Structures are given as structure tokens and as C-alpha cells.
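For clarity, every value in this text was computed on a predicted model and none was experimentally measured. The sequence lines fix the lettering, A, B, ..., with proteins before strands; numbering per chain opens at 1.
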Amino acid sequence: MTLYKPDSFDTTSISFDRVALRYDGTQDVFSDVSFELTKGSFTFLTGNSGAGKTSLLKLIYLALRPSAGDIYLFGQRTHHLKRRQLSALRRRIGIIFQEFRLLDHLSAYENAALPLRIRGQKERDYRPDVEELLRWVGLGKRLHARPATLSGGEKQRIAIARALVNKPDLLIADEPTGNVDPEMSLRLMRLFAELNKRMGTSVLMATHDKALLGSVPGSVLTLHNGLIVKQNVAEES
Amino acid sequence: MAQAAEKRRESPLLPMSDTRESALFFVIAALCFLAVLTAFSVRATYSAAEGWTANVEGELTARLSGSDAARMEEALGLIRSVDRVQTAKALTRAEAEALLQPWFGTQSLPDSLPLPSLIAITTEPGTQNIGPDIKRALAEIGLEAEIDDHAKWAENIRDMLTLIRLIAMGIVALLASIAIAVIAFATHAALLARREIVDVLHITGAEDQFIAKLFERRFSLLGFQAGLLGALLALGFAISLAFFAGRMTDWVWLLPSIALDRWALMIMLVSALLAGLVARGAARLTVTLALGRMS
Ligand SMILES: Nc1ncnc2c1ncn2[C@@H]1O[C@H](COP(=O)(O)OP(=O)(O)OP(=O)(O)O)[C@@H](O)[C@H]1O
Ligand SMILES: [Mg+2]
């Protein structure tokens, strides 16, 4: 086994070294995946349904542990980290889940503010920011609605607001445009691109939608048969 | 609009109670009811026993041996001079017979039967173990006396109290462990029911302690409220029991009495606080263990 070290710890946000993943009692989803995403990069993750996109993202946001290999986040090897250190890493990541995972008993506003509440910030300090963010995603009139009373697209936009609210170093989006109309989808892509450019947020976005791949300069990771292929789509990388 | 939002209260991260929690509330209240009732009984027994021993502990009987009966007056004078003795008085033949009645029956004893010379002694309240002092004082002037200071009886009562206290402590310990088990079980169920919330909080970067606190706060409040209710019910029950027993029996003086004093209030408050603490500890343990199993 090679002792792999990311060349530049402070310039990588994610690095996989010969990572394998197998769910209990099944065959490998993938068995030998290595790649590296630099800080501030914009990356698409594609692959057929069931190829393992969501699984790969779960490894990154530390909801799963690899069955073999090493994962480095922000230059830190995650394998040996203590629970508190893992929590601290998670707080640097914003996640838009494929199935949203909003909390039903909280309002749209409270869902969006959740990461700040977890960080122990005071409600009166963050309220204006959260409300503005929700207005921006077009939910200004539904701030206090429960998720159950909202459409799929509206829920998705709350999920997006929640992922962005604490200005993460890394944004992970699992099919973030799956439930919104083309216009909203374009707006979201522009938002992600702007976050990426202005704030230096690294973005990793899983999508089926081939049309989106060219919309933002960046690279594409393709999962196929347990292997990963990385290619650049635009002139810049 | 902005002002409406101003007044809106933050929803708790853990949704408010459901039926599981009312079942738990009932169980904790019932356990606390039993615990407080146990504590009340022990306390009442203690004060009753205090009364019994206080009565006998103020009284002694000295018996002069046959040949020394003639020096009765001398003996009385000496005994009265002993420290902490209040009175000393020779018993008349009739009084002595009454004292011996349990052994010889109600028929008066034949005059020919020599009765022992008995002296009834009372001491200052709270005096203990004065018997040997009196015996020694009499021996110094050459009088031989048997002293019955009821020490044996008082000792028996003290042994009984110790036993009662041990039993009560056992009962309370048992009730507490039942409470711990039940709360751990209920927390586990709540955790399963709130799995999605816990998962999302965890993945969003909440530390174990943060999540555990949500459950701790919820269950310690529930434990305290249920405990307090149980304690109040126990007080009501004890008071009405004492009231009805008092109306129904002539032997009421034997029944331990219930007093709503500082001690009773303390017992109730401590039980409720203990219920809250136990609930909190059990919730913390359960949640921490469950979170430890998550990646
Ligand atoms: N919890 C799980 N337990 C067992 N197998 C799982 C689990 N989650 C996913 N899988 C399997 O792992 C494989 C990859 O699933 P994954 O959800 O990562 O695919 P995906 O690329 O995100 O698909 P989609 O585009 O449909 O979202 C699939 O074969 C799936 O059945
Ligand atoms: Mg998926």
C-alpha cells in the first residue's frame, strides 16, 4: 500500500487515497478511488443512477467511513480524528441533501438557521442575514411555513439556504437542481459560481444534468463501474 | 411583519412531548409517590419510637436485696443525691403487687410472701445510662441493688429502627433503579423516534454534548415535574390515611403521626430533585452511548 500524502495540504480541500466503500453484506460500491480537489475548485460529480455519487459525498461529509483507504479534508487525515474534531470539520461543510432532510417541526427560517444555532450563535444576531438569504432564494413570504406545507422546489431552496448560511469552506450539493425550474436552476448555478469565485468556497456538486456541466468552469468527476475519471471541462481549471 | 417575527419564539430542536412521554411521566410520578411514602413512614416511625423510648428512658427501678430493705430511707437519700436524678420513691406493697401482676395474676399475694423492696426513680429528660452510677453509689455505702433501667428495651427499639431504616433504604434504592431503567428505556425510544433530527444535527456538525443536552434538559424537567406530583400525592395520601385511621381506631396513639413540617417538605423536594437528576443522568448516558455508535 502506498503511503500517499497530498502534495500541498493547505491547497487541497478534498483528497481520496485508494478509497473503497462497501455497505454491510454487499459488494463494493467502489474499490479503489483516488482524486484530489484543490481549494476553491468547482467540481461536478456525474455518473448513472446507482453509480455511487451520494455514497461518495457521504464519505466526504463524514456520514460514512471508508472500508479501506484514506480521506483527507482540508489537509487533515480524517481517519484518526476524535469525535469533536470530526464535528468541527463537519461545521466547515455545507450540505444540500438529495432528499433535503429538513426538520418538519421547524419553520423554513428555523431550518435555514440550524447550522448557526448549532454553533451557539444568538438568534438576534443572525436573524437579518438568514431572512435575507431566504428572500434571495425566493422564500421571503414563507419564512415561518413548515416544510410540510411547501412544494418540493421550495423545500429544496430551504435546504440550499441552510447549506450556505454559515459560509462554508466546502459546499456539497447532491442534485441541487433536481426539483427547481430551469430559471431557478440557472440562478442557483450562478449563485454557486459566485460563492466559489468571491468567497473561495470549494464546490462539489453531484448531478445527472449534462447540460449543467458546461455552465461553470471547473472539472468533472465521473463515477462508472466503481472507477472515477477526472477531466476538465473548461479552459481554466 | 418584522415585529411579528420579533415576538415569535424559537421552536425547541426536540419536538414537544408525545404519548410516550406521558407514560413515562406517570411511571416516574408513581415511583416517586412510593419513595416519598416510604420516607414518610420511616420518619413517622422514628418520631413515634422517640416518644416511646423517651418515656421509659426517664424511669428506672432499683431493687434492694432482702437484707438491705431496712436501710430504705438511707438508700432513698443517697439516690436523690445522685446527679440528674429527679425523684426517688419507695413503692408501697400495693404498688409492688401491681407491678408484679403480669407474673402472678390479679389475686393479691399472700402476706407471708416477702416482696422485694422497690424504688421508683425518675431522671431528668434525656438522661441515659445512669443505672451504673446509682448502683455504684449504693455499693459505696454497702448496699446491694439491682437496677432495671429499661436499657435493653430501648436498645431493642434502636435495633428495630436501624432495621427499618435499612429496609427503607433498600426500597428507595430499588425504586431509583427502576426509575433509571425506565427512563433509559424511554430515552432510547425517544432517540429512535427522533432519529432523523439527531442525524441531521450530527451531520451538520453538532457535538455529542449539544445533542445529549437536548434530551437531558427535556427528561430532567419531566422527571422533576413528575417527581413533584408524585410527592404531593404521597403527602395527600398520608394525611388522609392518618385522618381516617384516627377516626376509626382507639389505638391511634400507636399510629405514627404525619406532620407537615420542615422534614416532610424536605423529603418531598429532595425526591423531586432526585427524580430530575436521575432522569437527566439516564438520558445523558443513553444518548451518549447511542451517539458513540454513529460514525
Ligand atoms: N445504506 C445503504 N445500504 C446498502 N446499500 C446502499 C446504501 N445506500 C446506497 N446503497 C447502494 O450503493 C449504490 C450507490 O448508491 P448511491 O445512492 O450512492 O447512488 P447515486 O449515484 O447517488 O444514485 P442516484 O443518482 O440515483 O442518486 C447503489 O447500488 C445503492 O443500492
Ligand atoms: Mg444519489
Under 4.5 Å from any heavy atom of chain B, what part of [X] do you find: side chain, backbone, both or neither?
X	value
A:Tyr109	neither
A:Arg162	side chain
A:Arg83	side chain
A:Leu62	backbone
A:Leu86	neither

message: Over 60° means perpendicular and under 30° means parallel, so tell me whether B:Phe237 and B:Phe33 are parallel, tilted or perpendicular.
response: perpendicular

message: Could you check, using the six-membered ring where one of them is a Trp, whether A:Phe44 and A:Phe42 have ring centers closer than 6.0 angstrom?
response: yes

field: chain A contact residues among residues 198-216 of chain B, heavy-atom distance under 4.5 Å
entry: B:Asp199, B:Val200, B:Leu201, B:His202, B:Ile203, B:Thr204, B:Gly205, B:Ala206, B:Glu207, B:Asp208, B:Phe210

message: Sub-4.5 Å heavy-atom contacts with chain A: which residues of residues 279-292 of chain B show up?
response: B:Leu291, B:Gly292

query: Hey, are the side chains of B:Ile164 and B:Val42 touching, using non-hydrogen atoms and a 4.5 Å cut-off?
result: yes

- prompt: To the nearest 0.5 Å, how far apart are CG in B:Leu163 and CE in B:Met160?
  reply: 9.0 Å

message: Whether B:Arg43 engages the ring of B:Phe40 as a cation-pi pair (distance to the six-membered ring centre under 6.0 angstrom, angle to the ring normal within 45°) should be assessed.
response: no

task: Go through the steps for A:Leu195 and A:Val203 under the test side-chain contact (heavy atoms from CB on, under 4.5 Å), then give the verdict.
output: CA-CA 9 Å; A:Leu195 270 171; A:Val203 179; 5.5 Å; no

- prompt: When you check the side-chain N and O atoms of A:Ser55 and A:Tyr23, is any donor under 3.5 Å from an acceptor?
  reply: yes

- prompt: Is it true that the side chains of A:Asn196 and A:Thr201 contain a donor and an acceptor less than 3.5 Å apart?
  reply: no

task: State which residue, out of A:Ile95, A:Leu64, A:Leu21, A:Asp174, fulfils the side-chain contact (heavy atoms from CB on, under 4.5 Å) condition with A:Lys58.
output: A:Leu64

task: Please report the C-alpha distance between A:Leu73 and A:Gln76 in whole Å, then the side-chain angles of each, then the deciding distance to 0.1 Å, and finally whether the side-chain contact (heavy atoms from CB on, under 4.5 Å) criterion is met.
output: CA-CA 5 Å; A:Leu73 270 183; A:Gln76 280 181 282; 5.6 Å; no

